[in-house]
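Report on the structure given below.
Keep in mind it's a predicted model, so treat the numbers as computed, not measured. Letters A, B, ... mirror the listed sequences (proteins, then strands); counts begin at 1.
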Amino acid sequence: MNQALFIEQVWDLTREIPKGKVTSYGAIAKAIGTPNLSRMVAKAIGACGAAQPPVPYYRVISSNGLLAGDPSSTAKRQELLEREGVEIKNLKVQNLKKVFWNPLIDLE
DNA sequence: ACGATGACTCTTC
DNA sequence: GGAAGAGCCATCG
């Protein structure tokens with residue numbers, strides 16, 4: 001598959017993330033079928049600005065529940081997530097086990 | 001063409 | 001439980 005398709009799948013999966021939940025790059029990569037391409041998922045998310053309709057990329061974080069990226073971006077994502085009911089402290093998702101959404105479950 | 005880098009993750013110490 | 005090393009693939013100088 002080419003990376004364009006990969007990116008589309010990432011976007012599509014990201015759009016399926018329920019409100020108030022978050023997921024990780026690795027989880028998305030795994031759901032697509034390429035568990036080792038977590039970095040590419042990050043790239044896809046970074047390119048979601050061209051997505052139509054827009055992708056809630058703020059629901060995608062690191063596997064440890066930490067918001068990666070530049071503070072200018074992380075701060076905004078933190079706001080949005082908190083607004084959806086996700087508790088966040090110092091750019092890190094609290095109660096991660098509860099708010100973490102596994103794409104594989106939705107695919108079953 | 002080559003080496004370095006990065007919104008990552010996993011295994012080990 | 002935190003820190004370090006290795007693996008992964010695409011992009012950039």
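For A:Glu84, the side-chain hydrogen bond (donor to acceptor under 3.5 Å, both in side chains) partners two or more places apart in sequence, or in a different chain, are A:Tyr58, A:Arg59. Listed by chain and residue number, A:Ala4, A:Leu5 satisfy the side chain to side chain contact (heavy atoms under 4.5 Å, CB included) test with A:Asn2 (two or more places apart in sequence, or in another chain). Under the side chain to side chain contact (heavy atoms under 4.5 Å, CB included) criterion, A:Asn64 pairs with A:Ser62, A:Leu66, not counting sequence neighbours.
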Scan the side chains in residues 18-38 of chain A for donor-acceptor partners under 3.5 Å anywhere in the protein, sequence neighbours excluded, and list what turns up.
| from | atom 1 | to | atom 2 | distance (Å) |
| --- | --- | --- | --- | --- |
| A:Thr23 | OG1 | A:Trp101 | O | 2.9 |
| A:Ser24 | OG | A:Ala27 | N | 3.2 |

Distance-only check: which donor-acceptor pairs under 3.5 Å involve side-chain atoms of residues 67-75 of chain A, not counting sequence neighbours?
| from | atom 1 | to | atom 2 | distance (Å) |
| --- | --- | --- | --- | --- |
| A:Thr74 | OG1 | A:Asp70 | O | 3.3 |
| A:Thr74 | OG1 | A:Pro71 | O | 3.1 |

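Residues from residues 82-90 of chain A with heavy atoms under 4.0 angstrom of DNA chain C: there are none.
Screening residues 2-15 of chain A for salt bridge (charged side-chain N to carboxylate O under 4.0 Å, His left out) gives no qualifying pairs among residues at least two apart or on separate chains. Here salt bridge (charged side-chain N to carboxylate O under 4.0 Å, His left out) pairs that include residues 46-57 of chain A, with residues two or more places apart or in two chains, number zero. Within the structure, the salt bridge (charged side-chain N to carboxylate O under 4.0 Å, His left out) test picks out no pair touching residues 33-54 of chain A (sequence neighbours left out). Listed by first then second residue, pairs satisfying salt bridge (charged side-chain N to carboxylate O under 4.0 Å, His left out) with a partner in residues 74-83 of chain A number zero, not counting sequence neighbours.
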Reading nucleotides 6-13 of chain B 5' to 3', which nucleotides get B (base under 4.0 Å from a protein heavy atom), which S (sugar-phosphate only), which -?
BBBS----
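For A:Glu87, the CD atom counts as loosely surrounded, since its 6.0 Å shell holds 12 or fewer non-hydrogen atoms of other residues, nucleotides or ligands.
Taking a heavy-atom distance under 4.0 Å as the criterion, the stretch of DNA chain C touched by chain A extends 5' to 3' from C:dG7 to C:dT11.
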